[in-house]
Amino acid sequence: MDPLRHDTSSQSVKDTSFEVEDVYEDDELTLQQSNGFAEADVFSLQEQQPTSRDDTKVAVDQKAPHRSSSPTHRLRLSLNERQLRAVTFPLQSQLQILAGPGTGKTKTLISRVIFLLSQGVHPSNIIVTTFTVKAANEMRERIAAMVGPSVASRLVLGTFHSIARRYLIKYGYLIGLPTGFQIADETDALHFIQSVMKEVDPESDKNDCRHARNAISNMKSRAIQPSSLSALEYTTQEMMQVYSLYQGKLAEANFLDFDDLLLKCMELLRTNPLVVSNIQAVLVDEFQDTNVVQYQLMKLFAARRSNITIVGDPDQSIYAFRAAESTNLMRMRQDFQDTSVVSLEENYRSSGHILNAALAVIQQDTERIQKTVLPNHDEGHMPVFFPARNPYIEARHIVKEIQRLIDLSCGMLKPHDFAILVRSARLTRPIESELTKAGIDYRIVGGFRFWEREEIKLLVNYLVVVKSRRSPALLDIINSPRRGIGSVMQAALLNHANAYQVPIWDAIQRAIDGQVRVNAKVRSSLKQFVDIITEAERLVQDSSRETPLADALDYLITALDYKEALRKDRGDTWAARWENVTDLKEHIRYFCATAPDPELPDIDGVEGTKAADDVLSRFLATVNLAPSEAESSAFDPTMVLTISTIHGSKGLEWPVVFIPGVYEGSIPHALSLAKEVDLAEERRLLYVAMTRAKGENI
DNA sequence: CTCGATGGGTTTTTT
DNA sequence: ACCCATCGAG
């Protein structure tokens with residue numbers, strides 16, 4: 001027998017299961033259950049939502065033949081007692097599922113969704129929020145595997161941000177939001193802040209801007225308005241002024257930043273609750289990481305029936321720096337006095353020794369609420385502590401250990417069974433170079449994200465300019481690749497734009513037309529630049545093409561001679577960068593071929609805006625909200641090891657986990673040493689990292 | 001004016 | 001390793 005495989009049949013838990021068959025056929029939901037939770041074996045319910053008229057496209061699955069003769073979607077879930085109780089908890093109530101690491105949290109949440117469907121709740125009347133886009137996609141896939149893609153695709157499922165965006169696109173006009181708003185990513189936001197900061201404090205540098213950006217985002221996450229006086233307890237008059245001016249700039253350019261998406265959606269639902277009147281159930285994953293605004297949004301989503309299920313674990317709250325408040329758990333119990341709590345205590349993931357070590361870390365927090373953890377595995381191996389003199393020795397040791405374990409297990413452990421989890425993205429460097437020396441492939445999640453890479457951002461910014469002629473993006477690309485438009489020329493253009501109150505794009509046009517004095521060389525460069533953009537725009541809008549967006553990108557890359565530019569400019573890293581460009585091309589082709597986000601259901605009595613959602617805007621929104629890495633599929637996925645920040649590792653697990661840099665200054669981070677609340681978060685961070693280890697009964 | 005070379009100072013975590 | 005400020009060459 002495979003000694004590394006966890007043998008589930010030895011579980012002491014009572015196995016309970018239910019099956020869903022032909023769940024969705026012609027608007028009828030059928031559930032078949034066995035030895036499960038209800039007396040009736042089979043019952044079916046009419047799709048009963050009068051407020052939803054999302055019936056036009058239902059026929060997709062109709063070609064599925066009848067139950068008796070067809071292969072049916074069949075699902076068997078084995079749940080333990082607590083999980084089952086949570087899954088089948090009565091509707092029209094509030095439920096908190098407190099689930100420690102490795103207790104089957106996601107499985108329980110998914111099963112609850114299936115349960116709700118089986119109870120006749122229409123999928124488009126269920127909102128499920130997840131913490132990342134990746135988690136949302138995985139969840140949709142797993143649900144689709146059980147109930148079919150047409151049901152799964154109708155769930156309103158995504159991050160708070162992406163769901164908010166969908167509501168705002170459709171109903172934003174109700175609160176006077178201009179159509180076609182754009183989402184400001186981190187770079188855009190910083191650009192705006194920068195220009196505001198210059199006005200307020202000409203001495204300010206980039207670091208001050210970052211600081212301001214964080215401070216403002218934190219206020220917005222708490223729903224503090226720029227006009228709020230009480231905010232002065234937190235921050236300075238000056239900062240509030242920056243905040244206020246920043247909001248002005250955003251509005252002027254028709255931008256919403258991440259926080260605005262949530263705030264505007266909150267405003268929308270407060271003033272127009274009808275918009276979510278169809279919603280029968282709201283489920284929130286990673287509840288301990290929601291901020292106040294998200295909590296309010298959750299309540300607003302559920303305003304009609306107050307049917308709320310949340311899953312969370314205060315011990316894994318690691319986003320307080322982003323204004324997440326795990327006290328939302330208590331807040332919810334106060335707001336909804338009948339809230340029930342189910343704790344999942346059985347840990348199916350880690351060995352006993354690992355759990356004990358992890359608990360020893362987190363129990364140092366005296367404020368913490370004690371929790372029962374029942375290891376389902378044997379004690380297993382002791383975790384190893386290796387004191388290293390410096391990062392290079394540490395990296396070498398880790399890589400040697402990985403090679404040793406692979407050899408020792410006779411290839412049973414493959415590189416993809418290993419993860420290296422770091423506190424800060426930059427700590428990966430020595431490790432990367434050791435891995436490269438050893439010839440082990442790795443991928444990095446979090447940290448240097450695909451979409452944040454310079455070459456990717458540049459090309460995306462070209463697309464942004466093609467779409468909107470947006471000034472921040474325009475300034476980013478105007479001299480990249482180098483075309484002789486230096487900072488002085490840029491300042492001149494900017495000046496002209498400001499003086500005449502026109503967009504920078506127009507200033508460029510005027511320079512070409514000779515209304516602004518420039519020398520011939522610059523003029524021809526500008527002309528060339530403008531031509532490239534207009535030609536790309538023509539391609540994007542050419543509806544006779546199959547993949548206009550991908551074609552436009554190809555054109556841009558060729559016209560810019562981007563490969564050559566990289567080779568010339570980027571020394572030894574140009575090849576890797578070019579590879580990223582190839583990945584981007586592939587990603588866009590794939591994107592062109594994929595279906596858009598499902599539309600929100602129409603609500604009787606509320607006019608929705610038909611999403612004028614062309615490929616390019618959809619793509620750009622995806623880039624902003626879902627900076628997931630584009631999986632480079634070139635190599636064997638089992639031969640790839642994972643490097644991730646601890647934050648990025650949440651919800652994942654590996655047989656072997658290394659946590660480098662566990663020393664004061666790294667974990668806990670130097671910037672967190674001053675305050676006990678921050679230290680507590682660092683402890684939880686280490687706890688999360690340690691509990692990623694999937695213990696095996698060897 | 002632009003560009004490339006040179007040298008010094010640096011970085012938490014992210015939707 | 002990357003970002004920035006500075007400076008001299010074209």
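- When the C1' atom of B:dT13 is taken as reference, atom NZ of A:Lys650 falls 11 Å away, rounded to whole Å.
- Residue A:Trp574 contributes atom CH2, which lies 20 Å from atom C1' of C:dA1 at whole-angstrom precision.
- With B:dT2, B:dT15, B:dT13 as the candidates, the nucleotide lying closest to the side chain of A:Phe258 is B:dT15.
- One side chain, A:Ser217 or A:Asp259, offers a donor N or O that lies under 3.5 Å from an acceptor on the other.
- For DNA chain B, the residues of residues 311-321 of chain A within the heavy-atom distance limit of 4.0 Å (strictly under) are A:Tyr319, A:Phe321, sorted by number.
- When the side-chain nitrogen and oxygen atoms of A:Asn479 are compared with OP1 and OP2 of B:dC3, one or more of them lie within a distance under 4.0 Å.
- Atom CG of A:Leu297 and atom C1' of B:dT15 are 13 Å apart (whole Å).
- Counting to the nearest Å, the C1' atom of B:dT13 and the CG atom of A:Leu685 are 7 Å from each other.
- By the 5.5 Å and 30° criteria, A:His669 is stacked with the base of B:dT12.
- Side chain to side chain, A:Arg423 and A:Thr645 fail the donor-acceptor criterion of an N or O pair below 3.5 Å.
- Within the 4.0 Å cut-off from OP1 or OP2 of B:dT12, not a single side-chain nitrogen or oxygen of A:Thr645 is found.
- A:Phe131 comes within 4.0 angstrom of sugar-phosphate atoms only, judged by non-hydrogen atoms across all strands, and of no base.
- Distance CG (A:Leu686) to P (B:dT12): 20 Å, rounded to an integer number of Å.
- Taking 4.0 Å as the cut-off between side-chain N and carboxylate O, A:Asp257 and A:Lys220 count as a salt-bridged pair.
- Counted by atom type alone, A:Gln182 and A:Arg470 present one or more donor-acceptor pairs between their side chains at under 3.5 Å.
- In summary, A:Lys437 and A:Glu434 engage in a salt bridge, as defined by a charged side-chain N under 4.0 Å from a carboxylate O.
- Remark: the A:His161 side chain and the B:dT15 base include a donor-acceptor N/O pair separated by less than 3.5 Å.
- Outside the 6.0 Å centre-distance limit, the rings of A:His669 and A:Phe321 are not counted as a close aromatic pair.
- Among the nucleotides B:dT15, B:dT2, B:dT13, the one closest to any side-chain atom of A:Ala425 is B:dT13.
- Under the 3.5 Å distance criterion, with hydrogens and angles disregarded, a donor-acceptor pair is assigned to the side chains of A:Gln288 and A:Glu286.
- Nearest to the side-chain atoms of A:Val488 among the listed nucleotides B:dT13, B:dT11, B:dT2 stands B:dT2.
- Listed candidates were B:dT11, B:dT12, B:dT15. Nearest to the side chain of A:Leu671 is B:dT12.
- Atom CG of A:Asp188 is separated from atom P of B:dT14 by 19 Å (rounded to the nearest Å).
- For the pair A:Leu427 CG and C:dA1 P, the computed distance is 16 Å after rounding to whole Å.
- Nearest-nucleotide mapping onto DNA chain B: of A:Ser672 and A:Ala492, the residue sitting toward the 5' end is A:Ala492.
- Set against B:dT15, B:dC1, B:dT14, the side chain of A:Asn214 has B:dT14 as its closest nucleotide.
- Considering only the side chain of A:Arg482, B:dG4 comes nearest among B:dT14, B:dT15, B:dG4.
- What separates CD of A:Glu664 from P of B:dT12 is a distance of 17 Å, to the nearest Å.
- Between the side chains of A:Arg331 and A:Asn328, a donor-acceptor pair is found at a separation under 3.5 Å.
- A:Glu186 comes within 4.0 angstrom of a base, heavy atoms only.
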